[in-house]
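In what follows, a structure is listed as structure tokens, so that the remarks can point back to it.
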Amino acid sequence: MHIPDGFLNAETWVTMDIVAGLGIVYAIRKTKTSLGERQIPLMGVMAAFIFAAQMLNFPIAGGTSGHFIGGVMAAVLLGPWAATLVMSTIFIVQCLLFQDGGLTALGANIFNMGIIGTVFGYYIYRGVMISFGGKKGLLWGVGIASWLAVVLAATFCSIELAFSGTVPLRAALPAMAGVHALIGVGEAIISVGVIRLILKARPDLLQRYG
Amino acid sequence: MEKWIIILLGVAVLVAVFLSPFASTKPDGLERVAEDKGFLGRGEGPQVVNSPIPDYAVPGIKNEKLATAIAGLVGMIIVAALGFGLGAILKRKEKIQ
């Protein structure tokens with residue numbers, strides 16, 4: 001769902017740059033007060049794992065492919081703010097080094113595929129986990145939040161395209177949400193799989209972040 | 001290093017180097033919608049930055065699968081170093097009582 005240069009008009013991409021920029025500044029401030037020593041290697045590992053997984057497009061229906069995004073998974077392990085920084089790092093490298101996502105759309109891409117999952121998705125995960133309780137509740141929380149983050153990212157992407165006058169919302173939204181409702185299932189399966197592995201090996205890493 | 005870190009890193013290397021060259025090349029969700037709704041062309045003009053490794057393929061390597069595998073490895077090392085570096089810079093300062 002990486003938006004290239006040319007899809008968004010200046011008003012929209014500048015707005016999204018400001019939104020994403022404020023998010024990153026806030027994330028740096030919060031991370032400085034919350035990141036513990038043992039999470040430092042985890043930031044590197046998560047960045048590598050998510051970058052790699054994002055390269056692996058899997059086929060879905062109708063000659064279309066999708067790939068893992070990873071924001072919710074990162075937030076469950078690192079907390080919403082350190083995860084925001086990891087995701088932003090990945091999108092910046094993808095844009096500058098690999099021409100995946102346009103430089104003008106960088107803010108929009110960081111917001112859609114990063115912050116929605118790491119912040120909004122994280123609180124959905126917490127909410128579901130607390131309501132259901134236990135290990136099952138935790139895994140359901142990861143799954144539901146992962147699916148929702150992908151569909152919401154597609155929704156925001158559609159809104160940005162509509163604001164830019166690229167495509168009417170009534171045309172973009174059903175198509176984007178429909179395709180990504182399928183891709184979101186893949187997202188949920190991968191996130192739950194990884195978190196299950198870590199839950200077995202190091203349950204202490206799944207702690208609470210503010 | 002702990003076992004699960006090695007497992008995750010191993011999976012990442014496996015995916016980036018050995019599986020990504022065989023990833024689906026079909027358009028992704030956004031590209032599909034852009035094609036169907038007729039705005040794909042808007043994104044096909046010149047891009048603002050010229051990336052050294054466009055589309056995850058190292059230029060000059062004829063074998064496409066190898067070009068993607070090397071791109072995957074390079075990208076992975078860079079984001080891992082940046083993630084680790086950010087963590088080291090931003091880690092919580094332990095307060096002296």
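Quick note on labels: first sequence line is chain A, next is B, and so on, each numbered from 1. Excluded from the calculations below are hydrogen atoms, water molecules and symmetry mates; all remaining heavy atoms, backbone and side chain alike, are included.
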| query | Would A/Phe51 and A/Phe98 count as a ring pair (Phe, Tyr, Trp, His ring centres under 6.0 Å) if you check the C-alpha gap in whole Å, the side-chain angles of each, and the deciding distance to 0.1 Å? | reply | CA-CA 12 Å; A/Phe51 174 84; A/Phe98 300 103; 5.6 Å; yes
Of the listed residues ([options]), which shares the most heavy-atom pairs with chain B below a 4.5 Å separation?
options: A/Val86, A/Thr166, A/Ile92, A/Leu56; answer: A/Thr166
options: A/Ala48, A/Ala53, A/Pro4; answer: A/Ala48
options: A/Ala172, A/Ala171, A/Cys157; answer: A/Ala171
options: A/Ser158, A/Gly63, A/Ala201; answer: A/Gly63
options: A/Val179, A/Leu182, A/Leu85, A/Val167; answer: A/Val167
options: A/Gly178, A/Pro168, A/Ala154, A/Ala175; answer: A/Ala175

Which atoms of [X] approach chain A - backbone, side chain, both or neither, heavy atom under 4.5 Å:
X: B/Thr25; result: neither
X: B/Val49; result: both
X: B/Leu8; result: both

| Salt-bridged, A/Asp204 to A/Arg38, with N to O below 4.0 Å? |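 Salt bridge flag = yes for A/Arg38 with A/Asp204.
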| Relative to chain B, which segment of A/Leu97 carries a heavy atom at a distance below 4.5 Å: side chain, backbone, both, or neither? |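 When you check distances to chain B, atoms from both the backbone and side chain of A/Leu97 fall under 4.5 Å.
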Looking at chain A, which one of [options] has the largest number of heavy-atom pairs inside 4.5 Å, strictly under?
options: B/Ser20, B/Ser51, B/Gly87, B/Ala81; result: B/Ser51
options: B/Ala34, B/Ala16, B/Gly29, B/Ala71; result: B/Gly29
options: B/Gly45, B/Ser24, B/Gly83; result: B/Ser24

| field | Between OG on residue A/Ser88 and CE on residue A/Met113, distance to nearest 0.5 Å | value |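 The CE atom of A/Met113 is 11.0 Å from OG of A/Ser88, to the nearest 0.5 Å.
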| query | With side chains defined as the heavy atoms from C-beta onward, is the minimum distance between A/Met73 and A/Met46 less than 4.5 Å? | reply |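 With C-beta onward as the side chain, the pair touches.
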| field | A/Val192 and its side chain to side chain contact (heavy atoms under 4.5 Å, CB included) partner, picked from A/Ile144, A/Leu138, A/Val142 | value |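 Answer to the side chain to side chain contact (heavy atoms under 4.5 Å, CB included) test with A/Val192 among A/Ile144, A/Leu138, A/Val142: A/Val142.
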| task | Mark yes when over 12 heavy atoms from residues, nucleotides or ligands other than A/Phe58 sit less than 6.0 Å from its CZ; otherwise mark no. | result |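 Above 12, so yes.
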| task | Apply the test salt bridge (Lys or Arg N to Asp or Glu O under 4.0 Å) to residues B/Asp36 and B/Arg32: give CA-CA distance (whole Å), side-chain angles for both, the deciding distance (0.1 Å), then the verdict. | result | CA-CA 6 Å; B/Asp36 290 350; B/Arg32 160 64 55 205; 3.6 Å; yes
| query | Are the side chain of A/Gln54 and the backbone N or O of A/Ile69 linked by a donor-acceptor pair below 3.5 Å? | reply |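 The answer is yes, because a donor-acceptor pair under 3.5 Å joins these two groups.
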